[in-house]
There are 2 protein chains.
Amino acid sequence: MDRRIGRTRKLMQEALMSLITEKGYEAITVQDILDRADVGRSTFYAHYRDKDELLFSGFEHLRGLFEQQQRSLGAAQQGEHGADFNMILELFRHTGQNHKLYKAIAGKQSGEMILKYLHRYLYDMMIVPHKALVKSKKTAVPIEVATHWIVSSLLSLMIWWLENNMPFPPERMDEMFRQLTMPGMEAALGRKVQKRDIDKAAIVKKDSGAKAFYSMFVDQEGRPEGS
Amino acid sequence: MDRRIGRTRKLMQEALMSLITEKGYEAITVQDILDRADVGRSTFYAHYRDKDELLFSGFEHLRGLFEQQQRSLGAAQQGEHGADFNMILELFRHTGQNHKLYKAIAGKQSGEMILKYLHRYLYDMMIVPHKALVKSKKTAVPIEVATHWIVSSLLSLMIWWLENNMPFPPERMDEMFRQLTMPGMEAALGRKVQKRDIDKAAIVKKDSGAKAFYSMFVDQEGRPEGS
DNA sequence: ACAGATATCGAACACAGTGTTCAGTTATAG
DNA sequence: CTATAACTGAACACTGTGTTCGATATCTGT
């Protein structure tokens, strides 16, 4: 494959991300991206249909990296419900480190799109272990609803944290998240989710891979599909 | 005040709302509104800065109606934490009745703006009774965080319900909401929020005023401020 | 190193939507 | 009835989008 393709896409993705931190996603025009990336107009449209597709290409690329990382250090130590609760602390830590970017993204109207993406991503990640975890078919609240709810809870705390300039450390946010949601989860799905299990799992897998999020600045080729 | 003002604004708001149910907020152009409302272009801009302001004017008007209704039948029977948990069932019922409109609004990107508005509205409504309810200053989770979270939880269940074509009746949704969030609230704020209190309150105030939401089609003059 | 393929360039274009202006025409309030 | 104020509608400048195409630069495979 042609080296120019990866180079051009990387330039455009970097341009987009740096612009997002400066003026927010909504305010960015294609021309802004072109100027910053120093790329021709027609080149942009040769790669992406529009601004949104450029953004999503970055997310999809990241997802690939993340899953790869999950696979590499997973499997061995990942318990029955490995990838759900235990990585939340890492998620808070990572979000705090990249708070400028996340705040610029999550605050604006555009955030809706990205939050939906994140929601779906976390939902897919959690629904499987949840289903495996719960023996009885009859739960007080359907697993799908409970999973949707707990992901929304996590994202809402993230947003609150960012919008209030992170007045607590990630550890405290993680703690609050557990205090708020775990009792409800137990009531909703039975009481399979034990505090001990979760703490243990958190220690075991503390370096899960959340840090891969938005490290896209340093990577090549955001788009999986061929040109 | 001139009768034409109220008439024109009502026409434009009705046009906007009917268009939202048809194609979603984002896809609507000012010209669409003008055509449907049969109003001149300059007239639109004489009243509203843009599409968003027209939308918000409707919300602000509704808020006025809602608060008025609250005041009229409130005060007498409204307990210490009257207006929070007990009207949630009504909220689900009302949302279900107007599901077409709500789904069109909440689904699209535009939803972000409206959800933020709703979130703030419900937050403001809940934060006062929550503060009054909790004696001790030291709670496991700050009241602001817990309130933000529980409002997000409510909205997330609403959205799930709408997006999945309302597979459960409002009563079931209300029940699930309580099962998911109440244990966490107790853990977070102490255990002042007793199940009994909430059920009692729900019966007492079952006709609180949630039904006023989006009944704006039939009202005059969306905008409180003078032209 | 060379040839063919292909990615990029950049300027021009049609298009859609926004928000403003202003002189002329109604409808309203008092 | 009249002065006031709201509405009209067409024209305008402006910003941004997405497409096209011949010319140029760069890469891959041999």
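As the structure is a prediction and not an experimental result, all values here were calculated from the model.
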Next on the checklist: Check B:E175 with B:R178, please: is the shortest side-chain N to carboxylate O separation under 4.0 Å?
Outcome noted: no
Euclidean distance, atom [atom1] of residue [X] to atom [atom2] of [N] [Å, nearest integer]:
X     : N      : atom1 : atom2 : answer
A:K51 : D:dT17 : NZ    : C1'   : 11 Å
B:M1  : C:dA27 : CE    : C1'   : 17 Å
B:M12 : D:dA6  : CE    : P     : 13 Å
B:D2  : D:dA3  : CG    : P     : 18 Å
B:Q31 : C:dC15 : CD    : P     : 17 Å
B:D35 : D:dG9  : CG    : C1'   : 13 Å
B:R49 : C:dT18 : CZ    : P     : 15 Å

Checklist entry - Which pair of heavy atoms, one from A:A146 and one from A:V141, lies closest together, and at what distance? => result N-CG1, 4.0 Å
Checklist outcome for this item: B:E26 and B:K51 have their tightest heavy-atom pair at O-NZ, 3.6 Å
Checklist entry - Any side-chain heavy atom of B:E14 sitting closer than 4.5 Å to one from B:I33? => result no
Checklist entry - Is there a donor-acceptor pair under 3.5 Å between the side chain of A:W161 and the backbone N or O of A:F168? => result yes
Checklist entry - Is it true that the side chains of B:H148 and A:S156 contain a donor and an acceptor less than 3.5 Å apart? => result no
Checklist entry - With no hydrogens and no angle check, do the side chains of A:R9 and A:S57 hold a donor and an acceptor under 3.5 Å apart? => result no
Item to check | Aromatic plane relationship, B:Y117 with B:Y121 - under 30° parallel, 30 to 60° tilted, over 60° perpendicular | outcome: parallel
Next on the checklist: Using 30° and 60° as the class boundaries, would you call the ring planes of A:Y123 and A:H119 parallel, tilted or perpendicular?
Outcome noted: parallel
Checklist entry - OP1 or OP2 of D:dT19 sitting under 4.0 Å from any side-chain N/O of A:Y45? => result no
Checklist entry - Where the side chain of B:D50 is defined as all heavy atoms beyond and including C-beta, which of C:dG19, C:dT28, D:dT17 is the nearest nucleotide? => result C:dG19
I'd like a table of atom pairs between the protein and nucleotides 8-10 of chain C - only N or O on both sides, under 3.5 Å - with the distance next to each one.
{"from": "C:dT8", "atom 1": "OP1", "to": "A:R4", "atom 2": "O", "distance (Å)": "3.1"}
{"from": "C:dT8", "atom 1": "OP1", "to": "A:T8", "atom 2": "OG1", "distance (Å)": "2.4"}
{"from": "C:dT8", "atom 1": "OP2", "to": "A:H47", "atom 2": "NE2", "distance (Å)": "2.7"}
{"from": "C:dC9", "atom 1": "OP2", "to": "A:G40", "atom 2": "N", "distance (Å)": "2.7"}
{"from": "C:dC9", "atom 1": "OP2", "to": "A:T43", "atom 2": "OG1", "distance (Å)": "2.9"}
{"from": "C:dG10", "atom 1": "N7", "to": "A:S42", "atom 2": "OG", "distance (Å)": "3.3"}
{"from": "C:dG10", "atom 1": "O6", "to": "A:S42", "atom 2": "OG", "distance (Å)": "2.5"}

Checklist entry - Quantified as the angle between the terminal helix axes (five pairs each), what is the overall bend of the helix from C:dA1-D:dT30 to C:dG30-D:dC1 to 10 degrees? => result 40°
